[in-house]
Amino acid sequence: MDEPVTIQPGEEEEEEEEDEDQEPLRGFLEEINCPEPGIIDRQMIETAYLEEGQKGEARRLHQLEPVVYDRITTMRLEFKNILRIDHLWMMPNLTKLCLNCNKIEVIEHLEMLTALKDLNLSFNYITRIENLETLVNLEKLSLFSNRIRRIENIHTLENLVILSIGNNLIDTVEGIERLRFVSSLKVLNLEGNPIAKLPDFPLSLYVTAILPQLRYYEYIFIKTEVKEEAQKRFYRELREIEDKQEREIQGLETEAREMAEADRLASSFVEHLDGQQLYESLLRDDEEGRILMLVGAQAQELYEEYSKDVHELTQQIYRLGLERFGERDEEIRDFKASLHEGQEELQAQGQRQIEEFLQYKERTFDEMRLKWRELDQRDDDLEALQSQLDTLNAHFEDALNEMWESLMAQELHLHEAVEDSTLNFNRKISELMASFVEQAQVIFQQLRDVCSHFAHNMTEVVTQFLSSKLSRQEQNAIPEELRKCVDDREAVLQLVEGMRTSHTARVDEREDRMAQRSREFIDDMIFKLNNKEVDRHRAKILEINSFMEMMTQALANLPGESQQEASSD
């Protein structure tokens, strides 16, 4: 790319001199006769779609088509006096959205538009860049002429190529360095901001120095000699930014690894079982155990052996969880892939039917238009022409009903097949989960046995300790907390039993949490699958019926359109 990029209209507006704190001029917007400020709604979207670019016959045919929101890829809502963004979730496959020249104050309700590549929010009243994190495919973002004071929340847009944020209120370089993380960024415009007007600060050189991936600044190609000059001028700032970025990248990589591992363990239901976490939880707030530890070396040895036994068993649960997670994850992936493949196949089949019917419709309508013209121009054989028109009309209605029955049958078959598949999948994944829980419960029982064995050994150690001190008449060497147990064996048993009960309760709690979360996991997944299918099924039924209504209306309008065409001729 050796030539400057094409500048879109309105992105390089001439502006008057203004103070740093003065808001960008927008007088031309104020003079436009707009309706009352409003919110994007369904009617506005449908009107904009039906009135888009086509002319003549193409426009007429376009307006006869049903509005299928999933198929809309471009939406232009300019000069609509829009105050708030809403209802755009109805068009999940939108790739281009123009909301420039309105009165929008907040960037919101765009999170569902993950396919969006081009977003124009120029000439609005936006004060902050926000809520763009999910637009992972965005390539062009125009925020020209708003009220933005700083660059932020853009570094996550990894596919962004063009960023226009000129004629705002940006008065600091803070945040510009974050654009280094957007390696795809090639074009940046910051003209008209207070930071670009500082007499002793060459913003263009600063941007060129710290953003090496840029090829155009203010739509002017950055030459090699300019890059070299910029790097010399801001050498120190560049080194500091690079060092900071390197440390941040290392931190992010570490955090990402930790989060990925945490998610994997959570999905395996064995989080906090990969180390000594369970054993440490047994000792937490264990007052009885703390008192028993006062016995000394023998108690310490018992605890060390106890720790090893608990760790060995928790490792068994940990490995089991990861192994069973792999099996479940593969089963889930296969099910979803099969489901998606079946839906795509049926959708393609239905689309082919609709396209074939539309071709039939055009042929039939052309023939009917000719018959209507003949009917208007001839004085004889009118009854025969009318009979032919009635026949064509009846054949079209029959074909339309036949297609409706076919599409509905296909959709009902798919819906029932999905329900059956989900039911079988639920049964299979539940069996896998039950098998895992049963195996884990065997190990948890072994953990409880270890707790009981440890308690039994601790009883003997404490009893021997007390007997030894008494036989040597070393009562003063007995810790104060244990003196009540000198003449009362029942007190020793109560201490040990309190410890055992506490430890066993922690093991029970961890076992119950695993079983409960495994059930919740299945219930939540099946609930989401069923709801997704219900939503898809309803939307498809609505789409089919909407198409039928549009075709029926087109047939009803045909005589009047034919008469209008005849009169205009």
Side-chain angles (χ1 to χ4, degrees), residues 7-13 15 18-32 34-41 44-45 48 75-89 94 96-113 116-135 138-157 160-176 178-179 182 185 187-196 218:
I7 304 173
Q8 297 297 325
E11 287 189 337
E12 195 179 34
E13 299 289 335
E15 61 174 19
E18 58 181 20
D19 295 333
E20 292 184 1
D21 294 333
Q22 184 180 345
E23 295 180 356
L25 295 177
R26 56 186 74 247
F28 78 98
L29 280 179
E30 304 294 347
E31 296 175 0
I32 296 175
C34 290
E36 289 295 320
I39 302 174
I40 298 175
D41 57 19
M44 184 184 295
I45 292 172
M75 178 56 54
R76 309 187 71 95
L77 297 170
E78 302 150 321
F79 296 100
K80 303 292 186 184
N81 217 28
I82 296 169
L83 184 63
R84 286 188 56 196
I85 303 171
D86 205 347
H87 284 84
L88 297 179
W89 51 266
L94 213 58
K96 182 174 182 178
L97 175 61
C98 298
L99 295 172
N100 48 299
C101 304
N102 284 292
K103 293 184 178 180
I104 297 169
E105 298 176 348
V106 179
I107 303 175
E108 59 184 345
H109 301 148
L110 299 177
E111 58 275 4
M112 297 291 290
L113 306 182
L116 202 61
K117 293 185 177 181
D118 188 343
L119 175 60
N120 191 343
L121 288 164
S122 298
F123 299 101
N124 278 287
Y125 300 126
I126 297 167
T127 59
R128 188 166 185 262
I129 306 173
E130 58 187 339
N131 301 323
L132 298 175
E133 295 80 7
T134 61
L135 307 186
L138 198 63
E139 297 176 356
K140 182 178 179 182
L141 174 61
S142 182
L143 294 163
F144 190 87
S145 196
N146 277 279
R147 298 174 176 176
I148 298 168
R149 293 189 174 274
R150 59 176 295 173
I151 295 177
E152 58 185 340
N153 301 323
I154 294 180
H155 64 280
T156 58
L157 304 178
L160 194 64
V161 177
I162 301 174
L163 174 60
S164 175
I165 195 170
N167 201 26
N168 276 274
L169 303 176
I170 300 172
D171 58 1
T172 175
V173 297
E174 183 180 352
I176 297 177
R178 305 293 294 168
L179 297 177
V182 188
L185 188 65
V187 183
L188 176 64
N189 177 27
L190 286 169
E191 64 169 316
N193 284 289
I195 189 64
E218 293 187 5

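The figures here come from the full heavy-atom set of this structure, side chains too, leaving out hydrogens, waters and symmetry mates. Since the structure is predicted, the reported quantities are computational estimates derived from the model, not experimental observations.
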Answer yes or no: does atom CD of Glu111 have more than 12 heavy-atom neighbours from other residues, nucleotides or ligands under 6.0 Å?
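Buried by this count: over 12 neighbours within 6.0 Å.
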
If you count the non-hydrogen atoms of other residues, nucleotides and ligands that lie under 6.0 Å from CE in Met112, is the total more than 12?
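Counting other residues, nucleotides and ligands, CE of Met112 stays at 12 neighbours or fewer.
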
Between [X] and [Y], is any pair of side-chain heavy atoms under 4.5 Å apart?
X	Y	result
Ile165	Leu190	yes
Leu110	Leu97	yes
Ile176	Ile170	no
Met75	Ile45	yes
Leu132	Leu141	yes
Lys140	Asn120	no

For Glu152 and Arg128: C-alpha separation, side-chain torsions, deciding distance, then whether salt bridge (charged side-chain N to carboxylate O under 4.0 Å, His left out) applies.
CA-CA 8 Å; Glu152 58 185 340; Arg128 188 166 185 262; 3.2 Å; yes

Point-to-point distance, once rounded to the nearest 0.5 Å, from [atom1] of [X] to [atom2] of [Y]:
X	Y	atom1	atom2	result
Leu143	Ile148	CG	CD1	4.5 Å
Arg149	Thr127	CZ	OG1	9.0 Å
Glu139	Leu116	CD	CG	10.0 Å
Asp118	Cys98	CG	SG	6.0 Å
Ile162	Asn189	CD1	CG	11.0 Å
Thr134	Leu157	OG1	CG	9.0 Å

Dump the intermediate steps for side-chain contact (heavy atoms from CB on, under 4.5 Å) on Leu83 and Glu105, then the final yes or no.
CA-CA 7 Å; Leu83 184 63; Glu105 298 176 348; 4.0 Å; yes

Looking at every non-hydrogen atom in both residues, tell me the closest pair between [X] and [Y] and how far apart they are.
X	Y	value
Ala196	Gly192	CB-N, 4.5 Å
Leu99	Asn124	O-ND2, 3.1 Å
Gly166	Asn193	CA-ND2, 3.7 Å
Ile107	Glu130	CG2-O, 3.4 Å

Can you check whether [Y]'s main-chain N or O pairs, donor with acceptor, with [X]'s side chain at less than 3.5 Å?
X	Y	value
Asp171	Ile195	no
Asn168	Asn146	yes
His155	Arg178	no
Asn153	Ile129	yes

Can you see whether Ser122 engages Asn100 through a side-chain donor-acceptor pair at a distance of less than 3.5 angstrom?
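Short answer, no.
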
Check Ile40, Leu121, Ile82 against Asn102 for a side-chain contact (heavy atoms from CB on, under 4.5 Å) and give me the one that passes.
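Going through Ile40, Leu121, Ile82 one by one, the side-chain contact (heavy atoms from CB on, under 4.5 Å) with Asn102 is satisfied by Ile82 alone.
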
Which residues pass the side-chain contact (heavy atoms from CB on, under 4.5 Å) test with Asn131, sequence neighbours left out?
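Per chain and number, Asn131 pairs via side-chain contact (heavy atoms from CB on, under 4.5 Å) with Glu108.
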
